[in-house]
Amino acid sequence: MMRWWRGRSLRARLVILGTCGLGVGFLVGGVVLFGVLGLALQRSIDTAAESTAREVAALAAEGRLSDPLPVSGGQLVQVVDAQGRVRSASIGADRLVPLLQPKELAEARKGNYRYVHGSRATVEGPIRVVALPAGDDTVVVGRPVGEMYRSMGVLRGHLLVVYPVLVIAIGVVGWRVVGAALRPVEQLRAGAESITGSRRDDRLPVPCSEDEIQRLAITLNGMLDRLSAARARQRAFVADAAHELRSPLTAMRTELEVAGRHGIPPDLVPDLLADVVRLSRLVDDLLLLARADDAGSGAAPAKDRFAPVDVADVLREARDRSRGARVPVTLVLDDGPDLTTLGEHDALLRAVANLLDNAVRHAAGRVTLTGYPEAGHAVIEVTDDGPGIPEVDRERVFDRFTRLDDARARDEGGSGLGLAIVRELVRRHDGSVTLADAGPGLRATIRLPLTRALIPAP
């Protein structure tokens, strides 16, 4: 059964569920209607019989009983004395034999109305009998209900005929209505199937109806816009990477061709090694960013290899690596406070080293490296006295292959990946990196959570 149900289409399942639900509702409603109608008819018969019994009892109390009794509506009325004899009766009622036997008469006097067989009064169908005490006598009123039963049978037959037709009609209408409601969904499916990703303007059709389907189509088209933008960024990234790799490779080829024709001059080897080192560093940077993209920008980084790292040691090592740089790097560090964070030593060292390389490249005469604790964070600042970065560009420079100068000189402009790598490495450590004006120059600030801030209080 479940396999059959899963094999049905959504349209069929919705129609089956809707038709079954309405069918059960109509069935319950028909049964309730039939029962309520029967009770209402019985109540009306009892009310009319009680009214007739009270009128006859009033005549008996005044001693004005006539023979036959003046009643209407096809009712059978008898006045029975205490010995069970019929004192008076209406036309059509038996004048010798009471409608109720003695035990039945005693129960009826207590208000327990009952049905008796029509053979007691030579009528077809059952008789509804009501009894009302009138002193020592009892007024017995019977109303044949065979006609009512026949009417109820006709109603039942009509319901049994109309009900299946109504259910089938509901199923047909439901099939058409659900098909019309799901038609936009089918259009979305067909549109999604036709999207191959080769065109930038591939979009899903948006229905005219202002409902959930239209909002779904708009949301999916927004997702396609974001995917298209991501593909565009990826293509631009590949193009920029190819451009960046072309310059060192061309230089290496030229130098090797010159070396092949004229021998290898001693002063050419350092230049060749510098190009190789720069190319290796660029490839490493591209690999790091590619892995970051593969993991997803919104995904939480793997922290199973994280360990306590002394930020002060990272800063000292970064300063030592910068000895002999174009401008001196000054380390300002208070050895008192604990600057321990959870992370990877090499990753944090690379982030700080990238900031120092960027600062040394643009500094006029000095670079300062500072570390201190603040509000549960280890703060690292790299300050230079160079031209700085305009405020409108301080966020854009973290994009890959972004340079504020138009020239792409490899000796001065770098690869344009340094700050992007810094942001990615700091993000892995749940930190942040910002740029601010140092007046003059630029101040790059990294904030990393301290180890004690990462451990919940007991």
Side-chain angles (χ1 to χ4, degrees), residues 26-165:
F26 281 124
L27 178 61
V28 174
V31 172
V32 172
L33 173 64
F34 189 82
V36 170
L37 183 60
L39 290 176
L41 290 175
Q42 179 178 294
R43 174 60 63 183
S44 65
I45 291 174
D46 291 344
T47 300
E50 289 174 359
S51 177
T52 300
R54 283 193 295 268
E55 293 175 358
V56 174
L59 293 176
E62 296 174 0
R64 295 190 298 114
L65 287 176
S66 60
D67 194 10
L69 294 173
V71 296
S72 61
Q75 294 177 336
L76 305 175
V77 183
Q78 293 176 332
V79 178
V80 182
D81 61 14
Q83 286 74 34
R85 295 172 299 186
V86 178
R87 291 183 52 197
S88 181
S90 64
I91 297 176
D94 197 329
R95 298 176 178 273
L96 298 177
V97 181
L99 283 174
L100 297 177
Q101 297 177 1
K103 291 184 179 181
E104 297 174 341
L105 185 63
E107 290 293 328
R109 285 173 61 92
K110 299 178 183 179
N112 298 325
Y113 304 157
R114 60 193 310 124
Y115 287 97
V116 297
H117 199 272
S119 60
R120 297 187 184 185
T122 64
V123 297
E124 294 183 4
I127 301 174
R128 180 70 171 173
V129 181
V130 174
L132 183 67
D136 293 336
D137 298 335
T138 303
V139 179
V140 179
V141 180
R143 173 67 182 270
V145 294
E147 186 66 27
M148 183 191 76
Y149 274 33
R150 285 189 291 272
S151 299
M152 295 294 292
V154 172
L155 175 62
R156 181 174 58 249
H158 281 77
L159 288 177
L160 292 177
V161 172
V162 172
Y163 177 77
V165 176

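- Scanning for side-chain contact (heavy atoms from CB on, under 4.5 Å) contacts around Ile91 gives Pro68, with sequence neighbours left out.
- The side-chain contact (heavy atoms from CB on, under 4.5 Å) check on Gln42 picks up Asp46, Tyr115, Arg128, with sequence neighbours excluded.
- The list of salt bridge (charged side-chain N to carboxylate O under 4.0 Å, His left out) pairs with a residue in residues 134-145, not counting sequence neighbours, reads Arg87-Asp137.
- Listed by chain and residue number, nothing satisfies the salt bridge (charged side-chain N to carboxylate O under 4.0 Å, His left out) test with Arg114 (two or more places apart in sequence, or in another chain).
- The side-chain contact (heavy atoms from CB on, under 4.5 Å) check on Leu59 picks up Arg64, Leu65, with sequence neighbours excluded.
- Inter-residue side-chain proximity for Lys103 and Glu107 is flagged as unmet; no heavy-atom pair is nearer than 4.5 Å.
- Among residue pairs with one or both ends in residues 154-165, none qualify as side chain to side chain donor-acceptor pair (under 3.5 Å); sequence neighbours excluded.
- Not a single salt bridge (charged side-chain N to carboxylate O under 4.0 Å, His left out) links Arg43 to another residue, sequence neighbours left out.
- Taking 4.5 Å as the limit, some side-chain heavy atom of Val79 sits within range of a side-chain heavy atom of Val56.
- Scanning for salt bridge (charged side-chain N to carboxylate O under 4.0 Å, His left out) contacts around Arg109 gives an empty result, with sequence neighbours left out.
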Per-pair distances, 0.1 Å, donor-acceptor, side chain in residues 144-152, under 3.5 Å, sequence neighbours excluded:
{"residue": "Glu147", "atom": "OE1", "partner": "Arg150", "partner atom": "NE", "Å": "3.4"}
{"residue": "Glu147", "atom": "OE1", "partner": "Arg150", "partner atom": "NH2", "Å": "2.7"}
{"residue": "Ser151", "atom": "OG", "partner": "Glu147", "partner atom": "O", "Å": "3.0"}

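- In this structure, Gln78 contributes its side chain and Asp94 its backbone to a donor-acceptor pair below 3.5 Å.
- Sorted by first and then second residue, the salt bridge (charged side-chain N to carboxylate O under 4.0 Å, His left out) pairs with a member in residues 29-41 form an empty list; sequence neighbours excluded.
- Checked against salt bridge (charged side-chain N to carboxylate O under 4.0 Å, His left out), Arg120 has the following partners two or more places apart in sequence or in another chain: Glu104.
- In this structure Pro70 satisfies the side-chain contact (heavy atoms from CB on, under 4.5 Å) test together with Ser66, sequence neighbours excluded.
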